[in-house]
Amino acid sequence: MVYAIVKAGGRQEKVSVGDVVVVDRLSGEAGSTVQLPAVLLVDGETVTSDAASLAKVTVTAEIVRDEKGPKIDILKYKNKTGYRVRQGHRQKLTRLKVTGIK
């Protein structure tokens, strides 16, 4: 089984061909391809982790769609002072489908 650990959006994800991954928002339209930098590559019994060999490895993925994460409610409150602040946040995400590891 071939899989790779790639760096995407400040995090590392374990991907193999055909996987669908959700990462932080990437620029590009739906249907376009992106290249993800590999941090580690496992090909059966061999594990590749040195930078010179990983520079030759390309992990390609296709942008499926842009989406938003779950709503996060932020509430700040201080007792007896009348201080209340309410804020919300939804992270912008991109759904990717991995098409190849070479």
Side-chain angles (χ1 to χ4, degrees):
M1 179 169 176
V2 178
Y3 67 89
I5 307 292
V6 297
K7 194 170 189 178
R11 293 189 303 269
Q12 295 179 358
E13 302 278 343
K14 177 184 173 184
V15 297
S16 60
V17 176
D19 285 353
V20 176
V21 215
V22 178
V23 297
D24 286 345
R25 179 69 57 94
L26 297 174
S27 61
E29 297 295 319
S32 63
T33 60
V34 293
Q35 303 252 344
L36 301 173
V39 178
L40 181 90
L41 176 69
V42 177
D43 185 9
E45 295 295 319
T46 61
V47 177
T48 307
S49 62
D50 61 319
S53 298
L54 289 174
K56 301 171 189 171
V57 174
T58 60
V59 178
T60 58
E62 178 185 350
I63 296 178
V64 177
R65 68 173 180 263
D66 292 331
E67 48 187 56
K68 288 185 179 180
K71 177 103 180 209
I72 297 172
D73 291 323
I74 300 143
L75 300 172
K76 294 180 181 179
Y77 174 79
K78 290 193 178 180
N79 195 13
K80 299 178 185 170
T81 60
Y83 174 77
R84 294 186 311 174
V85 175
R86 181 177 176 165
Q87 184 181 3
H89 176 75
R90 286 187 78 178
Q91 187 69 31
K92 295 180 179 179
L93 304 171
T94 300
R95 185 173 294 268
L96 300 174
K97 181 174 183 178
V98 179
T99 57
I101 300 174
K102 296 178 185 170

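The structure presented is a predicted model; accordingly, all values stated were derived computationally and were not measured.
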Query raised in the report: How close do A38 and V57 get, heavy atom to heavy atom, and via which atoms?
Result: CB-CG1, 4.1 Å
Requested in this report: Compute whether any side-chain donor of one residue and acceptor of the other, for S53 and D50, lie under 3.5 angstrom apart.
Outcome: yes
Query raised in the report: Could R11 and D24 be called an ion pair, given the rule that one side-chain N must be under 4.0 Å from one carboxylate O?
Result: yes
Requested in this report: Report yes or no: do V59 and L40 belong to one cluster of Ile/Leu/Val/Met/Phe/Trp/Tyr joined by side chain heavy-atom distances under 4.5 Å?
Outcome: no
Query raised in the report: Can you tell me if T60 uses its side chain to pair, donor with acceptor, with the backbone of T99 under 3.5 Å?
Result: no
Requested in this report: Please check if atom CD in E29 has more than 12 non-hydrogen atoms from other residues, nucleotides or ligands closer than 6.0 Å.
Outcome: no
Query raised in the report: Measuring from I5:CD1 to S49:OG, what's the distance to the nearest 0.5 Å?
Result: 11.5 Å
Report summary line: The residue among D19, V15, V98, V42 that forms side-chain contact (heavy atoms from CB on, under 4.5 Å) with Y3 is V42
Query raised in the report: Any chain of hydrophobic side-chain contacts (each under 4.5 Å) joining V2 to V39?
Result: no
Query raised in the report: Do L96 and V23 touch side chain to side chain, with heavy atoms closer than 4.5 Å?
Result: yes
Ignoring hydrogens and angles, write down the donor-acceptor pairs under 3.5 Å from the side chains of residues 62-74, residues two or more places apart or on other chains.
| from | atom 1 | to | atom 2 | distance (Å) |
| --- | --- | --- | --- | --- |
| R65 | NE | E67 | OE1 | 3.1 |
| R65 | NH2 | E67 | OE1 | 3.4 |
| D66 | OD1 | T94 | OG1 | 3.2 |
| E67 | OE1 | R95 | NE | 3.1 |
| E67 | OE2 | R95 | NH2 | 3.2 |

Query raised in the report: Are V34 and V17 connected, step by step, through hydrophobic side chains (Ile, Leu, Val, Met, Phe, Trp, Tyr) whose heavy atoms are closer than 4.5 Å?
Result: yes
Query raised in the report: Are V21 and I101 grouped together when hydrophobic residues (ILVMFWY) are joined by side-chain heavy atoms under 4.5 angstrom apart?
Result: yes
